[in-house]
Structure formats: structure tokens, C-alpha cells
Protein chains: 4
Amino acid sequence: MPIVSEEHKRQRRNHILLSAQHCFAKKGYHITSMDQLVQHSGLSRGAIYNYFKSKEEIYLELMKGIVTREIEPIESQIKTLPTNLEKIAYLFDHYYQLEPMCEEQKEAFFVQLDFQLSASRNPDMMTLLDELHKNMKFELVKSILQEGKEAGELKLNIHIDIYTHMFWSFIDAANMQRILFPELPYQSIIRDQKQSFLTKITK
Amino acid sequence: MPIVSEEHKRQRRNHILLSAQHCFAKKGYHITSMDQLVQHSGLSRGAIYNYFKSKEEIYLELMKGIVTREIEPIESQIKTLPTNLEKIAYLFDHYYQLEPMCEEQKEAFFVQLDFQLSASRNPDMMTLLDELHKNMKFELVKSILQEGKEAGELKLNIHIDIYTHMFWSFIDAANMQRILFPELPYQSIIRDQKQSFLTKITK
Amino acid sequence: MPIVSEEHKRQRRNHILLSAQHCFAKKGYHITSMDQLVQHSGLSRGAIYNYFKSKEEIYLELMKGIVTREIEPIESQIKTLPTNLEKIAYLFDHYYQLEPMCEEQKEAFFVQLDFQLSASRNPDMMTLLDELHKNMKFELVKSILQEGKEAGELKLNIHIDIYTHMFWSFIDAANMQRILFPELPYQSIIRDQKQSFLTKITK
Amino acid sequence: MPIVSEEHKRQRRNHILLSAQHCFAKKGYHITSMDQLVQHSGLSRGAIYNYFKSKEEIYLELMKGIVTREIEPIESQIKTLPTNLEKIAYLFDHYYQLEPMCEEQKEAFFVQLDFQLSASRNPDMMTLLDELHKNMKFELVKSILQEGKEAGELKLNIHIDIYTHMFWSFIDAANMQRILFPELPYQSIIRDQKQSFLTKITK
DNA sequence: CATGAATGAGATTTCATTCAT
DNA sequence: TATGAATGAAATCTCATTCAT
């Protein structure tokens with residue numbers, strides 16, 4: 001029974017988090033009420049509180065999951081690539097070729113954006129955001145640039161931290177624009193960005 | 001009497017909007033309660049409702065004001081510049097040299113970011129945001145690029161709409177990063193962006 | 001306007017506290033819901049929260065008021081009595097002659113009893129209870145015994161703290177019994193207690 | 001099998017009741033949640049509901065047990081004493097020499113106090129309380145006084161009901177004070193009470 | 001116009017109890 | 001019997017807005 005139960009619990013948690021992702025993306029964290037979440041998830045009020053102790057906890061867990069699910073497949077893809085330059089190129093392609101974004105990805109980006117703003121006013125959230133970014137997103141790019149430098153593929157005088165932030169700055173901005181003004185053709189802008197970034201860091 | 005009264009009304013409205021800018025920037029629109037606004041403005045609940053019919057109206061009016069106050073001084077500066085290339089360069093410098101941003105500007109950016117997200121879920125807000133951006137921000141850059149093309153300063157094959165969005169995409173991304181990660185040194189990134197943008201559009 | 005308003009506010013607070021006294025006495029603090037209080041007071045939910053910031057605050061304020069209203073008239077009566085022995089006798093008579101207790105007094109005793117039990121599990125309440133008892137009830141009797149000793153009316157070897165507690169112990173027990181078993185004839189028991197107490201302390 | 005099962009059931013019930021005594025004493029009946037009871041007992045929610053049909057039933061059964069366990073050993077001790085005066089004296093000593101009270105006794109008193117207050121607002125509980133007191137506590141003392149009178153040990157003109165209540169009134173008051181103000185030295189007060197009570201009833 | 005007390009819908013959370021397994 | 005996930009009524013509290021003064 002514990003095995004069935006544990007698996008069941010994991011599924012329920014995920015179901016709730018997915019519902020939350022949908023609701024928070026559609027309406028925003030603050031506007032989404034627990035009752036809306038209850039309604040959308042098809043569970044009862046109490047059931048949700050059996051899995052998460054507050055609305056905020058759902059938000060935090062959701063964020064963790066989103067970043068993890070965003071980064072993990074990238075990480076495993078990147079391991080298969082021979083050079084660090086190709087890895088960086090893959091990263092651009094991965095994000096830029098998300099066009100057309102599927103609904104689930106749009107939702108995930110929305111929630112991230114929403115969370116970033118909320119976090120800037122809430123220390124608890126900021127702590128989590130820092131951790132997630134530092135440990136997952138930033139670390140990913142940073143280590144590629146580092147290894148690229150060490151392997152002699154990249155210029156030695158580039159400042160790794162700055163270029164790491166630069167990379168994510170491009171990605172975030174592009175995603176934000178895509179979400180806010182979905183009708184615009186970003187493909188051409190994006191190709192430029194990739195070229196210019198790669199040129200700058202390559203020997 | 002009507003003249004004094006009108007002036008008084010204008011001042012009161014501005015005072016409320018400034019309070020709102022401060023509160024919304026610090027805590028976000030949804031988290032800021034009318035009571036906090038009342039407290040910060042020093043007015044009474046009723047007084048505020050005499051000038052604005054709802055919290056949302058304050059938000060909308062605030063946004064209009066912020067964008068107007070952001071763009072108008074730029075527009076008048078730009079009129080004094082002889083070439084369209086210089087105008088674009090000035091725009092980059094204007095935004096990028098805001099370092100260090102004064103509190104009021106930070107607040108204004110925060111409110112804009114917050115508003116953009118809210119707007120993406122609220123048709124009324126989206127309508128206003130579109131108007132403001134289309135009529136003010138986008139139009140500003142678009143007309144410079146247009147005139148630059150016509151004057152033979154800029155390449156003829158650039159797609160104006162795309163480059164206009166590209167410009168604002170840079171600015172927004174930079175501002176977002178500055179707000180969310182204020183400790184990072186963006187000056188060097190930004191200089192690059194300006195150079196690369198100007199290079200691309202110049203003949 | 002402030003004067004009218006202040007008086008009005010005082011009246012509303014008192015009205016809420018009286019409602020609370022009634023409800024808490026009838027059902028107990030934990031069982032009485034805010035909505036019952038709202039219903040009984042005839043006000044709205046929000047109105048009550050304009051005057052008190054939580055249900056617990058109402059409880060604490062109510063207790064303060066009850067003890068104050070219980071002790072103040074006694075204190076002013078006692079000032080008019082010439083000897084300390086008469087003062088103590090008056091105290092017994094005051095409590096014992098409350099028969100038949102009026103509804104308001106019964107309610108007040110109930111709330112006190114209820115509060116004492118709640119307080120024994122809640123540090124905040126215990127602090128208040130201690131203060132109220134130490135500063136009002138205990139101090140009242142203690143100072144009479146003290147002065148009686150100094151004036152030579154009472155035995156010199158009685159332990160004041162113990163006799164003070166003994167006094168209140170009688171009163172509390174009698175009130176509890178009267179509330180819980182109202183049909184019993186306590187007058188005769190009580191007369192005994194008074195006599196025996198007075199005999200013990202008198203020279 | 002049924003015999004083992006019956007014994008097992010009895011043990012489970014007792015285990016639950018003991019847990020309840022502990023929890024109700026520590027936090028009070030209303031504040032203690034079923035989950036706390038579940039946690040403390042180490043059983044499951046369902047298990048508890050197999051033995052008791054509601055939280056209130058646990059409370060009622062607990063009270064019955066407490067009073068029974070309090071009175072039964074006294075009754076058997078009293079049977080061994082030759083005179084009714086000694087029996088009454090024993091009763092005083094039994095309660096007053098509970099100093100220092102063991103944790104289990106403190107808990108039991110707390111629950112009784114808590115129950116008395118709850119009962120005063122709940123007819124079901126009041127019925128039980130009346131039964132328990134009338135049939136066990138009051139009857140115990142009453143019959144001693146009755147027999148003492150008949151045996152010629154005690155004064156003939158004492159009113160048995162009143163003195164019975166007087167006795168329990170002392171005990172309850174002392175216990176209440178001991179629970180609420182545990183640091184106070186009641187031994188001396190108590191010795192007085194015993195003496196004065198015995199004197200009054202003895203020929 | 002200004003005030004701020006009042007409103008009450010609605011938000012989050014708790015918890016006694018049930019019931020499928 | 002035993003389990004504990006699920007239920008949903010109900011509790012506390014908030015807050016945008018109104019309106020009598």
C-alpha cells in the first residue's frame with residue numbers, strides 16, 4: 001500500500017502544481033484564488049491543503065519544478081555535444097526555436113515572469129529565485145563558458161559572469177516580448193543576437 | 001474660483017498618482033491596498049475616490065503619466081539633434097546612462113513592468129498598454145528609423161517594425177535586469193548592444 | 001466632528017464588548033464565532049474589525065473591562081469605610097450578597113472563568129490575567145490586610161499573601177459553584193466562611 | 001478470539017482516552033484537534049472513529065473514567081475506616097496531600113474543570129456531569145455524613161446537602177487555585193479548612 | 001468637496017468526519 | 001478492523017467601495 005500511495009501522492013501533487021501553473025499563468029498569482037485553483041484542479045479545498053500548506057508553498061514548489069523541468073533536458077542534451085561553442089549555440093537554438101511555443105511552455109514562462117516580479121518584493125521568494133537561478137540557470141551557462149575558456153575555444157579576456165548574465169538577459173527579454181506581443185516576428189532578431197554573442201566570445 | 005479649483009484638482013490627482021507610483025512600485029499593484037495608498041498619500045479614502053473612481057483607474061492613469069513623462073523629455077531633446085543616427089544613439093545613451101537610476105525612475109520602471117504583466121491578463125489594461133506603446137514608445141523609434149531611411153542615413157533593407165521592437169526589447173530587458181539584479185555591472189553589456197545596433201542599421 | 005466621533009467610537013467599542021460578553025458567556029470563547037458576534041452585535045464583520053484587530057483582542061479587552069468594572073465600585077465604596085476590618089467584611093458581603101446575581105454579573109463571572117482556563121494555556125492571556133489580578137484584585141485585598149496590620153487591627157503574624165489568595169479563592173469557588181449549580185443555597189455556607197476568615201485575622 | 005478481541009478493544013479505548021486526557025488537559029477540548037489526538041495516540045483517524053463516534057463522545061467517556069478513577073480508590077479506602085469522622089478526615093487528607101500532584105492528576109483536574117465549563121453550555125454534557133457528580137462525588141460524602149449523623153458521631157442539626165456541597169466546593173476551589181497559580185503555598189490554608197469543617201460537623 | 005465608519009463579498013485556511021481500499 | 005486521503009462546511013480576517021455627515 002505505501003508504494004501505491006506514494007506514487008498516488010506524487011501524481012496528485014503534480015496535478016495540483018499543473019493546475020496552479022495554468023491558473024497562475026492565466027491570471028497571475030495574486031489574482032488566482034484558492035477556490036479557482038480548487039475548481040480547476042477538480043479536487044476539494046481540503047485535498048489541496050493535504051499536499052501543500054499554503055498558496056505560497058504551491059507557488060514556490062511550482063517555480064522549483066518549472067526551472068528544473070526547463071533546465072534538466074537542456075543539461076542532458078548538452079552533455080552529448082562535443083564543444084563548448086556548440087553547447088552555447090544549442091542553448092540559443094533551444095530557446096529561440098521554441099517558436100511556436102506550446103501552451104505549457106508559455107504558461108511556464110508567464111509564471112516565471114510573474115514570480116520574478118513578486119520575488120522582488122518578497123524576501124522568501126527572492127531567496128528561492130536566487131537559489132534556482134544561481135544553481136541552475138546561471139551555473140549551466142557559467143560552466144560552459146568556463147570550460148570553453150579552459151579548453152581554448154573561447155577568448156580568454158571575456159568576463160564570465162557578465163556574459164552569463166548577458167545570455168540570460170537576452171533569453172528573458174525575448175521570452176517576455178514573445179509573451180506580451182505574440183504577433184511579432186522575433187526569429188530574425190534572435191538570429192542576430194545569437195551570431196553577435198557567439199562572435200564576441202569566440203577566439 | 002473655477003481656475004483655482006481646477007489647478008487644485010490637478011495637484012491632488014498628481015499627488016495621489018505619485019503616492020500610487022511609490023506604493024505600487026514597492027509592493028506591486030495587487031498587494032497594495034487602498035488603505036496603504038490612503039496612508040501614504042495622507043488623504044482620506046473618500047478624497048481619493050473623488051478623484052478616481054477605482055483602484056484600477058488610478059493604475060491606468062498612473063501608467064499614462066509614467067509613459068508620457070518618460071517620452072516627452074526625450075522627444076523634445078531629439079528634436080534638437082540633426083541626424084537620425086544621432087537620435088537613435090541619444091536614445092541608447094538616455095536609457096543606458098540612467099545609471100545610477102534615481103528612485104523615481106526605478107519606481108516608474110517597476111510599475112511599468114508590473115503593469116505589463118497585469119495587462120497581459122486584463123483586456124482593459126492591454127488596450128491601454130497597446131495604445132501607450134504604439135502611440136508613444138514605438139512611434140518614437142519608428143519615425144526616427146523611417147526618417148533615417150528616407151534621409152538616406154540608414155540601410156534601406158532594414159525592417160522598421162522589427163528594429164523598433166528590437167530596440168525596446170533591449171531597453172526593457174536591460175531595465176528588468178537592473179531592477180531584479182541591481183548589483184550587476186551592465187555598462188559593458190550595454191555599450192556592446194548600442195554599437196551592434198547602430199552598426200546594423202547604418203549604411 | 002472629532003468629539004462626536006470619539007464618543008461614537010467609544011460607544012461602539014462598548015457595544016461590541018457587551019455583545020462579546022454575552023456571547024462568550026453563553027457559549028464560551030472558542031465556540032463563539034465571529035459571525036455569531038456579528039449577528040448579535042447587529043454590526044457588520046468589517047465594522048467590528050475596525051474597532052478590534054482580532055477575536056482575541058476583543059477577549060482581552062473584554063476581560064480588562066470586566067475586572068475594572070468589578071473592582072472600581074468596590075474600591076470607591078471601601079474608601080468610605082473607617083476600619084480595615086469593616087473593609088474586609090464589606091468585600092465578603094459585596095460578593096455574597098450578589099444573590100440573586102443579575103444576568104450581566106453572571107455573564108461577567110462566566111467570562112472570567114472561561115478566560116482563566118484559556119489563559120492557563122496561552123501565554124498572552126496569562127500575562128494579562130496576571131496583570132489584572134495582581135494589580136487590581138490581589139492588590140485591593142493585600143493593601144487592606146497590610147494597613148490593617150499596621151493599624152493594629154489585625155494579627156501581626158498572618159501571612160498577607162496567603163490570606164489574600166485565600167480570600168479570592170473563596171470568592172472564586174463560590175462564584176463557580178453558583179454558576180454551575182445555581183439551585184443550591186450558598187448563603188449559609190458563605191456566612192460561615194466570612195465569620196471564619198474574619199476570626200482568623202482579627203486580633 | 002472474541003475474548004482477546006474484547007480485551008484488545010478495551011486497551012485501545014483506554015489508550016485513546018489517555019491520549020485525549022493528555023491533549024485536552026494541555027490545550028483544552030476545543031483547541032485540541034482530532035489530528036493532534038491522532039498524532040499523540042499514534043493511531044490513525046479511522047481507528048479512533050472505530051472506537052468513538054465523535055470527538056465529543058471521547059470527551060464524555062473520558063470524564064466518566066476520570067471521575068470513576070478518582071472516586072473508586074477513595075471508596076475502597078474509606079470502607080476500611082471505622083468512624084465516619086475519620087472517613088471525612090481521610091477525604092480532606094486525600095485531596096490536600098496530593099501535593100505535589102502527579103502529572104496525571106493535574107491533567108485529570110484540568111479536564112474536569114474544562115468539562116465543567118463546557119457542560120454549563122451544553123445540555124448533553126450537563127446531564128452527564130450531573131449524573132457523575134450526583135451519583136459518585138456527592139453521594140460519597142452525603143452517605144458518610146448521613147451515616148455519621150445516624151451513628152451519633154455528627155451533629156444532628158447540620159444540613160447534609162449543604163455540607164456536602166461545602167466539602168466539594170472547598171476541594172474544587174483548592175484544585176482550581178493549585179492549577180491556575182501553582183506556585184502558591186496552599187498547605188496552611190487547607191489545614192485550616194479541614195479543621196474548621198470537622199469542628200463544625202462534630203458533636 | 002472631505003471624511004472615515006460601515007459594508008459585505010470573498011480570501012485563505014482549518015478540521016471533524018467519512019469512506020474506498 | 002485499519003488506514004489516511006478526501007471532503008466541504010465553517011472559521012477568521014481583508015479590503016475595495018459607499019455614503020451619511
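Proteins get letters first, then strands, A, B, ... in listed order; numbering begins at 1 in each.
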Check your understanding: With a 4.0 Å cut-off, would you call D:Arg13 and D:Glu61 a salt bridge?
Key ->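 The answer is yes: the pair qualifies as a salt bridge.
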Among the candidates [options], find the nucleotide nearest to the side-chain atoms of [X].
{"X": "C:Arg45", "options": "F:dC13, F:dA16, E:dT12", "result": "F:dC13"}
{"X": "B:Ser33", "options": "E:dC15, F:dC15, E:dT18", "result": "F:dC15"}
{"X": "D:Ser44", "options": "F:dT3, F:dA5, E:dG10", "result": "F:dT3"}
{"X": "C:Tyr49", "options": "E:dA6, F:dC13, E:dT12", "result": "F:dC13"}
{"X": "D:Lys9", "options": "E:dA5, F:dG8, F:dT1", "result": "F:dT1"}
{"X": "D:Lys55", "options": "E:dA6, E:dA16, E:dT3", "result": "E:dA16"}
{"X": "C:His8", "options": "E:dT12, E:dA6, F:dT17", "result": "E:dA6"}

Check your understanding: Rounding to a whole Å, what distance do you find between B:Tyr51:OH and F:dA16:P?
Key -> 21 Å
Practice item. Let me know the distance between CD of B:Glu57 and C1' of F:dT17, rounded to the nearest Å. Key: 14 Å
Exercise for review: Find out whether the Lys NZ or Arg CZ of B:Lys55 is both under 6.0 angstrom from the six-membered ring centre of B:Tyr29 and within 45° of the ring's axis.
Suggested key: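 Yes, a cation-pi geometry.
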**Study point:** Given DNA chain E, 5'-ward residue of the pair C:Ala47 and B:Ile48, judged by closest heavy atom
**Key:** B:Ile48
Check your understanding: D:Ser120: what forms a side-chain hydrogen bond (donor to acceptor under 3.5 Å, both in side chains) with it, not counting sequence neighbours?
Key -> none
Practice item. Look at all strands and tell whether C:Phe52 reaches a base, only sugar-phosphate, or nothing, counting heavy atoms closer than 4.0 Å. Key: nothing
Check your understanding: Do the side chains of A:Ser44 and A:Val38 get nearer than 4.5 Å, heavy atoms only?
Key ->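 Not touching, per the 4.5 Å side-chain cut-off.
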